[in-house]
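Within every chain, numbering begins at 1; the chains are lettered A, B, ... in the order of the sequence lines, protein sequences first and strands thereafter. As a basis for the values below, the full set of heavy atoms in this structure was taken, side chains included, without hydrogen atoms, waters or symmetry mates.
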Amino acid sequence: MGNRVIYWFRTDLRLHDSPALKAALDLHPDALWPIFTWDPHYVYRVKGGVNRWQYLLDCQADLSRSIQKLNPKSKLFVLREAPQTLFPKIFKAWNVTHLVFEKDTDVYARERDSAVVASAEEAGVQVITRYGRTLWDSDELVAKNGGKPTMSITQLQAAGRKIGGIPRPIPAPRHLPDPGEMPVSFGQDKPGASPDINAPYRSTPDECYSHIAGPAGKFAVASLEELGFSVSATTPHRGGETIALERLQEIFSDEKYAATFQKPKTSPAAFEPQSTTLLSPFLHFGALSPRLFYWHAQDLVEKYGEGASTPPESLTGQLLFRDMYFAAQAAIGPSFAQTLGNGHCRFIPWHLPSKVEPTGLANNTIAGRYHVDSPQADRWFQRWKAGVTGFPFVDALMRQLRAEGWIHHLGRHMVACFLTRGGCYVHWERGADVFEEFLLDHEPACNAGNWQWLSCTAFYSQYYRCYSPVAFGQKWDKTGEFIRRWVPELKDLDEKFIYEPWTANQAVLDKAGVRVEGDGLREKRDGVYPSPMFDFGERRRACLAAMKRAYSIGLYGDDERVEDGTWKELFERAGETEMEGLDAGDADGEHADDVGDHGDGTEDGIRHKKARNPVVKEGPMDKHVKKKRKT
DNA sequence: GTCGTAGTTGAGGTG
DNA sequence: GCACCTCAACTACGA
């Protein structure tokens, strides 16, 4: 009997440059089943709106068409069951000899894959895996970095050099073997749907698991309706390898743009077209191979010669950062996505900390569940999430994020700094939850890593560099075109006031047909834009001082004082007033439902002056012991 | 161990 | 319009 191979597609929804698919074909299979399994973890536990699900289904449908072009008898066969329970049954029923898939170092993926590998061994099925999700194998990078997480781009590059060259892309296969028979003569194990953190998006019960081969019995790609989504996606960005490769060609046809690309010099306010490549969602779903992208960029840079940009700012540099976060996550494990237990993440007593409870998940937290230690901070958080902070540049970005599932990297910096160390002093894990929900390109490692970077809890520490919601936007877009696009209430406002509408006088506002009042959370009214939720200069000073104290105290997430709660005494002794748990009435909350009600006017007594000379008052710091950083 | 310097992407000013 | 400086000051890395 020849080889009968299951190729298990996961986050590698492509045919071009797939080392794992090549390994499967190298077995010269008699039968090859290209399959995708519905994973209840991703359906119920990972936050994701209709935009991201549409993108995933796009990628699957496109891949299925591409497979069919190579062999009309084949396609992407979608099986609606959790892989852990499904595989033992199909190994036997289909008489499988090999299981091949692309390795994945995400926290849940590791857990799932080790269960699948164990069941394969038990069934006598040989498992073959290859790495193609990053430039280098993340575990190998960690090994070459002395077993430690890669916490800087220098470390990543050094570890990469030790491994050696980045593999050249592998061409797409020219033909695929026929699939074998696919009897489903076994029962279906249906997963428990609770907790379903995507429930708010579903208006009808999801039918995802009602039939193992789908409603028509044809193993078809699911529809949004099957997932219970009745609302339509709002994003213009569509998934699939075909579009990804077209986009790649387009980007590299402009040689000057691609060869001289410098990320910090691209504008977060550019739209139609955006200033960056928009390839990140394709990378996330594996519709585009990072190595294919890398070698397009690298070959061009060498050809271009003088004037080409270099890492970390260049296009290849962007891919290096991605590898850095993947390898950091590979080394740190489940606690990489949080502060608690993470020895490389500073402890800062942010507002709205995550609830830690036995959840059955590796890290004992569920995205989105948090303590409301401060009702005011929760209102700020809700206004940030809804794009009604009263700071037009922040609101424009948050509204673009919600509608399109993508914003520019520097825009992410702006809103992340604003929510955490440069405004609200809300926990970065809250912001990461929101990005997980809205971003098409949400990558667990990169999301956690970037939030730690921006909140100055890991990777980056220059907390005194703070983004201004006024000045930062103006640097890129003097006249506020980006704001006018996303905050139509302000579209006719004079450019002198577009970043600070609260400073405009009545005549100016009347002329623009807008009133500045309220908190924006309640019923939307035409021609009304919310008042700013605080005095930014004042908040900036308070946050900076609090960051300084927290740095001086120097706790990390794995400190026993963080776990047992005695950290509080340290901060109280330091005179900290900006911290978790100081407000009375620790009302526990989970959702946006319990938004506050606080008058029509300004929330906290807005003063309309610009902050200058933000002097940080020095506290009595000397008596606090500084903890040595972990090695 | 000490010191100098670099670090993807701040703000605000000057020339 | 752009390059450069200062502000006040973080960590990591290599010599």
*Salt bridge check: are Glu569(A) and Arg561(A) linked by an N-O gap of less than 4.0 Å?*
no
*Which base sits across from dT8(B) as a Watson-Crick or G-U pair, both distances under 3.5 Å?*
none
*Between dA8(C) and dT8(B), how far is it from one P atom to the other, in whole Å?*
24 Å
*Check every strand shown and say whether Trp453(A) touches a base, only sugar-phosphate, or nothing at a heavy-atom separation below 4.0 Å.*
base
*Whole-Å distance separating the CD atom of Gln262(A) from the P atom of dC2(C)*: 13 Å
*Out of dT11(C), dC13(C), dG10(B), which has the shortest distance to the side chain of Tyr551(A)?*
dT11(C)
*Heavy atoms from other residues, nucleotides or ligands near CD of Glu560(A) exceed 12 (cutoff 6.0 Å)*: no
*Cationic tip of Arg346(A) within the cone over Tyr551(A)'s six-membered ring, i.e. under 6.0 Å and within 45° of the normal?*
yes
*Between Arg133(A) and Glu443(A), does at least one N-O distance fall below 4.0 Å, as a salt bridge requires?*
yes
*Does OP1 or OP2 of dT11(C) have a side-chain N or O of Arg346(A) closer than 4.0 Å?*
yes
*Is the phosphate of dA9(C), meaning OP1 or OP2, less than 4.0 Å from a side-chain N or O of Lys548(A)?*
yes
*Contact class for Phe472(A) (heavy atom, under 4.0 Å): base, sugar-phosphate, or nothing?*
sugar-phosphate
*CG of Leu283(A) to CZ of Arg14(A): how many Å apart, nearest 0.5 Å?*
9.0 Å
*asked:* Using Watson-Crick or G-U wobble geometry with both distances under 3.5 Å, which nucleotide pairs with dA8(C)?
replied: none
*Ala471(A), nearest nucleotide to its side chain (from dT9(B), dG12(B), dA9(C))*: dG12(B)
*Would you classify Gln318(A) as touching base, sugar-phosphate or nothing, given that sugar-phosphate means primed atoms plus P, OP1 and OP2, and contacts are heavy atoms under 4.0 Å?*
base
*asked:* Please pick, from dA11(B), dT8(B), dT11(C), the nucleotide with the shortest atom-to-atom distance to any side-chain atom of Ser461(A).
replied: dT11(C)
*asked:* Would you measure the distance from the P atom in dA9(C) across to the matching atom in dG1(B) and give it in whole Å?
replied: 26 Å
*If you check the Gln462(A) side chain, which of dT8(B), dC13(C), dC10(C) turns out closest?*
dC10(C)
*dC10(C) base stacked by Tyr464(A)? Criteria: ring centres under 5.5 Å, plane angle under 30°.*
no
